[in-house]
Amino acid sequence: MSFKKKILTLHKILGLATGIVVFIVSITGCCWAFKDEIESLYNDYKTVTPQNTPILTPTKAKTIAENIFPNNSVHGTVFGKPNEAIEVIFYDAEPEFYQSVFLNPYSGKIIQVDNHLSGFFAFILKGHLRLWLPKAIGEQVVGISVLLFIIIIISGFILWLPKKRKNLKQRLKFEWKSTTRWKRKNFDLHTIIGFYICSLALILAFTGSIMSYTWFYYITYKSFGGDMAPQFIIPENASSSHLSQENDVLPIDHLILKLQKEDPHAESFELHYPESDSSSIYVEVSNSKDLYYDSDYRFFDQNTLEELETTSIYGKYKNAKLPEKIIRMNYDIHIGAIGGIAGKIIAFLVSLLTASLPVTGTLLWYGRHYKKKKA
């Protein structure tokens, strides 16, 4: 068996084995691409009228929201612009619970409660991450299928390469006539579309694998020369004293106002409450709308508000080196947000065209198999 025949056999077996998974992941990826833009059409409740009065403190916002979900854990509280509602986020892994309480930042009135695990985009995300299967099973099926899809892309490119240079032209464009049969059209759709999107599809698959597997994430980071801890580390407090329970105002309640004065151009500040007396407060400062890679992760002693440094890659963006920037850009690259609206359009089209490949590939296999069987 020649080299190309071996590659074809591998390509065919892996394609048939992962086809339905690649199709679902690609279609749901299309739907997710414009999530923020679509949701912005009906989230007017997040906008409030600015007032010349102090906003809620983090402690007060947490207390009000906990009256809604007293048995669940507060993940963090998001403080946005003066005309934006405060969002208190609740999250528990087991049993899975993910909801947000939106508050008027001036009066403390509850505006709305959102369940992030229900609705159209929650359905789409569950399909994209785990095919609507139980989490432990579905995530493994998707993760393995995406890794195999990387091999499929590479083997497909090898198969696309023509033996003779004069045949290159017909591999680059559709040359259909009225007499062209559907099998030839299907072959062209599979090979020509596959060629034009293979590099971008490879990027989507690669960035998806980084999010799926810790070992893949670690290898990628180290391959670029990273020398910091490639995980999220919250430093311990620098002070040893504990707060008195008699204090009416905790240091954490001064932190947001302090940060807003320091960085008035920031999009939002997501504050996370200390998990224990010894852990610090951490705040995720969003510097760009709908982007995550250039956020600043800042840590503060919960007793003194002294700023602390972390040994992980998640610190201030200005201190990040190339390996850290690449890893932090991963999600924004995966959804196309790194390129703005144009990047999202490209991600949408690539995902849509990728979804067509398992379909045309299956038809190719069926046509050849059926023809042989008939003969």
Side-chain angles (χ1 to χ4, degrees), residues 28-43 46-47 75-87 89 91 98 100 102 114 116 121-122 124-125 128-129 200-212 217 220-221 224 226 228 230-233 256 259-260 262-272 282-299 310 312-351:
T28 51
C30 287
C31 298
W32 189 264
F34 296 105
K35 171 182 177 288
D36 293 332
E37 287 75 15
I38 293 171
E39 286 187 336
S40 68
L41 300 176
Y42 54 84
N43 64 0
K46 295 182 180 180
T47 302
H75 172 71
T77 300
V78 182
F79 295 83
K81 301 289 187 179
N83 67 334
E84 293 179 352
I86 291 174
E87 179 184 6
I89 304 168
Y91 180 77
Y98 184 21
S100 289
F102 291 90
D114 280 356
H116 300 294
F121 284 110
I124 290 299
L125 185 60
H128 191 73
L129 296 179
L200 295 175
L202 188 62
I203 291 172
L204 294 182
F206 192 87
T207 52
S209 296
I210 289 175
M211 289 185 281
S212 296
Y217 168 98
T220 302
Y221 175 64
F224 283 99
M228 298 183 72
Q231 67 259 35
F232 197 88
I233 298 175
I256 292 299
L259 293 176
Q260 286 176 334
E262 288 180 5
D263 193 358
H265 301 295
E267 289 292 326
S268 66
F269 302 87
E270 183 175 327
L271 180 144
H272 297 259
Y282 94 80
V283 181
E284 183 178 343
V285 184
S286 176
N287 294 312
S288 302
K289 188 174 178 61
D290 298 331
L291 288 173
Y292 295 92
Y293 78 92
D294 63 346
S295 296
D296 290 324
Y297 298 87
R298 302 179 64 180
F299 305 88
T310 180
S312 89
I313 65 173
Y314 296 101
K316 290 182 180 178
Y317 183 70
K318 68 178 183 180
N319 297 331
K321 298 176 183 177
L322 180 61
E324 289 79 53
K325 288 180 178 179
I326 289 172
I327 288 296
R328 289 176 61 162
M329 286 179 180
N330 188 73
Y331 176 74
D332 292 318
I333 293 172
H334 187 69
I335 65 171
I338 197 76
I341 193 65
K344 290 189 175 186
I345 292 171
I346 292 171
F348 172 84
L349 292 175
V350 171
S351 296

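Only this structure's heavy atoms are used, side chains among them; waters, hydrogens and symmetry mates stay out. Please read these numbers as outputs of a predicted model, since none were measured by experiment.
Under the salt bridge (charged side-chain N to carboxylate O under 4.0 Å, His left out) criterion, no residue pair touches residues 318-340, with sequence neighbours excluded.
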Kindly list each side-chain donor-acceptor pair under 3.5 angstrom involving residues 204-212, sequence neighbours excluded, with atom names and distances?
residue : atom : partner : partner atom : Å
Thr207  : OG1  : Ile203  : O            : 2.8
Thr207  : OG1  : Leu204  : O            : 3.1
Thr207  : OG1  : His334  : ND1          : 2.8
Ser209  : OG   : Ala205  : O            : 3.0
Ser212  : OG   : Gly208  : O            : 3.0

Determine all donor-acceptor pairs shorter than 3.5 Å in which one atom belongs to a side chain in residues 77-84; sequence neighbours excluded.
residue : atom : partner : partner atom : Å
Thr77   : OG1  : Tyr273  : OH           : 2.8
Lys81   : NZ   : Ala266  : O            : 3.1
Glu84   : OE1  : Lys81   : N            : 3.1

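No donor-acceptor contact under 3.5 angstrom links the side chains of Ser100 and Asp114, judged on distance only.
Among residues two or more places apart in sequence or in another chain, the side chain to side chain contact (heavy atoms under 4.5 Å, CB included) test is passed with Lys46 by Asn43, Phe102. When the side chain to side chain contact (heavy atoms under 4.5 Å, CB included) test is applied to Phe224, the partners found at least two apart in sequence or on another chain are Thr220, Pro323, Ile326. For the side chain to side chain donor-acceptor pair (under 3.5 Å) test, no residue two or more places apart in sequence or in another chain qualifies with Tyr292.
Of all heavy-atom pairs spanning Ser295 and Glu284, the tightest one is OG-OE2, 3.9 Å.
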- Between Thr28 and Phe121, does a side-chain contact (heavy atoms from CB on, under 4.5 Å) hold up when you go through it step by step? CA-CA 9 Å; Thr28 51; Phe121 284 110; over 6 Å; no
- Task: Dump the intermediate steps for side-chain contact (heavy atoms from CB on, under 4.5 Å) on Glu270 and Val285, then the final yes or no.
- Result: CA-CA 6 Å; Glu270 183 175 327; Val285 184; over 6 Å; no
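At a threshold of 4.5 Å between non-hydrogen side-chain atoms, the residues Tyr293 and Tyr331 do not count as touching.
Counting only distance, with no hydrogens or angles, the side chain of Ser312 and the backbone of Gln231 share a donor-acceptor pair below 3.5 Å. A donor-acceptor pair is defined here as one N or O able to donate and one able to accept, closer than 3.5 Å; no such pair exists between the side chain of His75 and the backbone of His272. Within the 3.5 Å criterion, the main-chain N or O of Pro230 finds a donor-acceptor partner in the side chain of Tyr217. Judged purely by atom type and a 3.5 angstrom limit, Tyr221 uses its side chain to pair as donor or acceptor with the backbone of Met228.
Taking CD1 of Ile233 as the reference point, atom CZ of Phe299 lies at 9.0 Å (rounded to 0.5 Å).
For Tyr297 and Tyr317, the ring centers are positioned 6.0 Å apart or more.
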